[in-house]
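Beneath this line is the structure, given in structure tokens, with notes to follow.
One-based numbering, in listed order, for ligands and for the atoms of each.
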Amino acid sequence: MNKPKIAVHKFSSCDGCQLAIFNLGESLLILSQLVEITHFAEAGALDEEATVDIAIVEGSVSTSEDVARLQKIRDNSNYLMTVGACATSGGIQALRNMANTGQWIAEIYANPAVIDSLDNSTAIKNHVKVDLELWGCPISQRQLLMAIRALLFGVMPVEEHDKVCMECKRQQTVCVMVTKNEACMGPVTRTGCGALCPRVGRDCYGCYGPAENVNTQAMANRLQGLGLVNDEVARRFLFINSGADQFYLQGQRWKT
Ligand code: SF4
Ligand code: SF4
């Protein structure tokens with residue numbers, strides 16, 4: 001019997017989400033017996049043009065070559081799933097969308113003329129149809145395995161878009177905003193990480209992107225009430241998921 005085929009593709013990213021796949025450990029070994037991994041350059045499999053059941057895409061689009069490669073991946077896959085903040089909302093590299101890209105390139109590279117880069121770094125969904133998005137920086141391995149399993153059975157995984165706050169309550173984690181006045185983004189951030197940061201006593205910085213029905217205005221007012229100046233409030237929103245509309249719009253309101 002033919003095994004389902006899966007490919008892992010990389011665009012502009014730090015590779016952290018691919019490492020999260022590597023770090024599945026024994027689960028990855030089991031997965032590799034159940035499916036054929038046709039392309040996963042970091043793991044050694046190299047067949048980028050193979051037709052697959054699921055294309056897993058990490059990273060954002062930064063060059064015109066990326067756009068053409070991505071279209072081919074879409075054409076060759078049944079489902080396309082983005083993994084991580086880079087692929088899903090542009091990631092940390094989308095911060096340059098709010099800056100003068102040409103000036104940055106000139107300041108960083110000795111020979112700027114050889115840099116062939118688009119003006120903006122954009123999420124995968126800005127270019128092709130995306131069937132499923134996994135947020136996070138990096139992604140949750142639990143969510144990844146659940147998603148692959150569901151897609152291989154032909155059903156769409158149930159999306160988790162509760163707020164991190166809800167996860168803290170479920171786990172009886174003490175609120176870092178209430179008890180320590182930390183500028184925690186948990187009230188507007190989707191869970192999936194299991195409230196990783198508050199569980200160790202630190203604030204959430206929003207790496208899983210906006211949750212469902214968020215009130216970013218109230219969040220911003222609360223951050224200001226905690227003593228953050230306008231630019232600091234803006235930076236809480238304009239960070240790893242600055243490309244997500246809800247965070248981008250609120251961040252822009254506070255940017256000076
Ligand atoms: S989402 Fe985070 S961990 Fe994943 S590739 Fe991007 S920067 Fe790295
Ligand atoms: S608590 Fe927030 S910053 Fe920490 S891992 Fe979860 S979503 Fe990311």
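Summary of contacts: the protein heavy atom closest to atom 4 (Fe) of ligand 2 is Cys197 SG, 2.3 Å. Among protein heavy atoms, atom 1 (S) of ligand 1 sits closest to Ala85 N, 3.1 Å. Nearest protein heavy-atom neighbour of atom 6 (Fe) of ligand 1: Cys86 SG, 2.3 Å. Nearest protein heavy-atom neighbour of atom 7 (S) of ligand 2: Tyr208 CD1, 3.5 Å. The nearest protein atom to atom 3 (S) of ligand 2, hydrogens excluded, is given as Tyr205 N, 3.2 Å; this is a heavy-atom distance.
By heavy-atom distance, the residue among Cys14, Ser13, Gly136, Gly16 lying nearest atom 8 (Fe) of ligand 1 is Cys14.
Contact annotation: for Glu58 versus ligand 1, heavy atoms closer than 4.0 Å belong to the side chain alone.
Shown are Lys169, Arg190, Arg170; of these, the salt bridge (charged side-chain N to carboxylate O under 4.0 Å, His left out) with Asp162 is made only by Arg170. Considering Val130, Val57, Asp131 as possible partners of Arg74, the one that fulfils the side-chain contact (heavy atoms from CB on, under 4.5 Å) test is Asp131.
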If you apply the rule side chain to side chain contact (heavy atoms under 4.5 Å, CB included), what do you find for Glu160 with Glu167, and how did you get there?
CA-CA 11 Å; Glu160 293 179 60; Glu167 191 60 37; 5.9 Å; no
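Taking every heavy atom of Thr189 and a limit of under 4.0 angstrom, the matching atoms of ligand 2 come to 7 (S). The Cys204 neighbourhood of ligand 2 comprises atoms 1 (S), 2 (Fe), 3 (S), 7 (S), with distances under 4.0 Å to a heavy atom of that residue. Atoms of ligand 2 found under 4.0 Å from any heavy atom of Pro198 (numbered from 1 in listed order, with element): 1 (S). Taking every non-hydrogen atom of Gly84 and a distance limit under 4.0 Å, the qualifying atoms of ligand 1 come out as 1 (S). Close contacts of ligand 1 with Pro138, meaning ligand atoms under 4.0 Å from a residue heavy atom, involve 3 (S).
Ligand 2 lies out of reach of Gly192, whose nearest heavy atom is not under 4.0 Å from it.
Distances from atom 6 (Fe) of ligand 1 show that Cys137 has no N/O/S atom below 2.8 Å. Atom 8 (Fe) of ligand 2 lies under 2.8 Å from an N, O or S atom belonging to Cys207.
Closest approach of Ala211 to Lys163, counting heavy atoms only: CB-CG, 3.5 Å.
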